[in-house]
Amino acid sequence: MKINKTQNEGVLTIALTGRLDTMTAPDLDAELKHSLDDVAELVFDMKELQYISSAGLRVLLSAQKAMNKQGSMKVINISDEIREIFEVTGFIDILTIE
Amino acid sequence: MQERTFEAKKENLTDVLSFTEAFLEQMDCPPKAVMAVDLALEEVYVNVCFYAYPDVEGVSPEKKDATATVVLKAGADNRSVQITLKDHGVPYNPLGKNDPDITLSAEQRDIGGLGIFLVKKYMDDVSYEYRGGENCLTLTKNW
């Protein structure tokens with residue numbers, strides 16, 4: 001998985017490419033741990049994300065919890081497959097999806 | 001039928017999935033079903049890696065010959081696949097857990113149990129059996 005960060009003042013956009021799974025979720029988790037200071041809005045761009053498993057969902061949930069305390073978070077450009085995973089797990093109601 | 005045994009560590013996840021995907025490809029399995037199988041197999045395989053062979057009493061997982069075996073069987077007319085994951089670790093039925101409450105808010109959500117919940121949702125049948133000293137979890141996907 002590739003993680004591409006773009007910061008524009010208080011808005012941090014993280015574009016994910018590939019698979020967010022057991023092997024790669026720890027990388028994203030580590031990246032988020034030292035990236036969220038002074039971030040008011042966190043955006044996950046999932047245009048190039050092909051796959052997400054429960055390990056990935058876990059990281060999104062902890063990011064959502066962190067951002068609830070300091071600002072907002074949204075997820076953009078999700079595929080139909082990823083939308084279905086969000087629907088099945090109820091993440092569709094937890095996350096802000098555009 | 002195809003069968004392969006892997007050392008039960010998460011670093012082998014990609015190999016486990018590649019082995020299975022190659023089998024599905026031969027069956028002309030549609031991409032949507034391949035993804036469903038990937039998702040389910042990742043969850044159950046990783047569970048075995050993390051929990052089947054705990055490092056107790058000074059016996060490390062390596063010394064216990066920690067393995068996971070994947071058995072793949074094509075269904076009738078190549079319209080389904082049956083995947084059995086076997087390990088000889090601690091007897092554990094992952095289907096015994098209650099499903100998570102997926103209506104709770106982010107703050108209330110506990111992520112536990114979500115993996116096996118996804119397995120149940122994405123597979124057409126999931127069954128568990130402890131047989132001959134092995135945990136045998138069988139996933140069936142139709143298309």
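Here the structure is a predicted model, which means the values were calculated and not measured. Naming convention: chains lettered A, B, ... in sequence-line order (proteins, then strands); numbering from 1 in each chain.
Residues B:Ala106 and A:Gln64 share a closest heavy-atom pair of CB-CG, 4.0 Å.
A search for salt bridge (Lys or Arg N to Asp or Glu O under 4.0 Å) contacts involving A:Lys33 returns A:Asp29, not counting sequence neighbours. Listed by chain and number, the residues in a side chain to side chain donor-acceptor pair (under 3.5 Å) with A:Glu9 amount to none (sequence neighbours excluded).
Under the 4.5 Å side-chain heavy-atom criterion for Ile, Leu, Val, Met, Phe, Trp and Tyr, A:Ile82 and A:Tyr51 are members of the same hydrophobic cluster. Linking Ile, Leu, Val, Met, Phe, Trp and Tyr whenever their side-chain heavy atoms come within less than 4.5 Å puts A:Ile92 and A:Phe44 in one cluster. A:Ile76 and A:Met67 fall into different hydrophobic clusters, where Ile, Leu, Val, Met, Phe, Trp and Tyr residues are linked whenever their side-chain heavy atoms come under 4.5 Å apart, directly or through other members. At a threshold of 4.5 Å between side-chain heavy atoms, the hydrophobic network of Ile, Leu, Val, Met, Phe, Trp and Tyr places B:Phe19 and B:Phe23 in one connected group. Criterion: ILVMFWY side-chain heavy atoms under 4.5 Å apart, direct or through other members. Under it, B:Leu95 and B:Ile83 are part of a common hydrophobic cluster.
Of residues 32-49 of chain B, those residues lying under 4.5 Å from chain A by any heavy-atom pair are B:Lys32, B:Met35, B:Asp38, B:Leu39, B:Glu42, B:Glu43, B:Val46. When the heavy atoms of residues 118-143 of chain B are compared with those of chain A, the residues falling under 4.5 Å are B:Leu118, B:Lys121, B:Tyr122, listed by number.
Heavy atoms from other residues, nucleotides or ligands lying under 6.0 Å from NZ of A:Lys65 number more than 12. By the 6.0 Å contact criterion, CG on B:Asp15 is enclosed, its count of non-hydrogen atoms from other residues, nucleotides or ligands being greater than 12.
Partner B:Leu114 forms a side-chain contact (heavy atoms from CB on, under 4.5 Å) with one of A:Leu61, A:Val88, A:Thr89 and no other, that one being A:Thr89.
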- Message: Would B:Leu17 and A:Arg19 count as a side chain to side chain contact (heavy atoms under 4.5 Å, CB included) here? Give the steps.
- Response: CA-CA 13 Å; B:Leu17 296 184; A:Arg19 297 168 72 91; 3.6 Å; yes
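Taking chain A as the reference chain and counting heavy-atom pairs below 4.5 Å, the highest number among B:Asp101, B:Leu104, B:Ile102 is found for B:Ile102. Taking A:Asn68, A:Thr22, A:Asp21, A:Asp80 one by one and counting their heavy-atom pairs under 4.5 Å with chain B, the maximum is reached by A:Thr22.
Only the backbone of A:Ile52 comes within less than 4.5 Å of a heavy atom of chain B; no side-chain atom from C-beta onward does.
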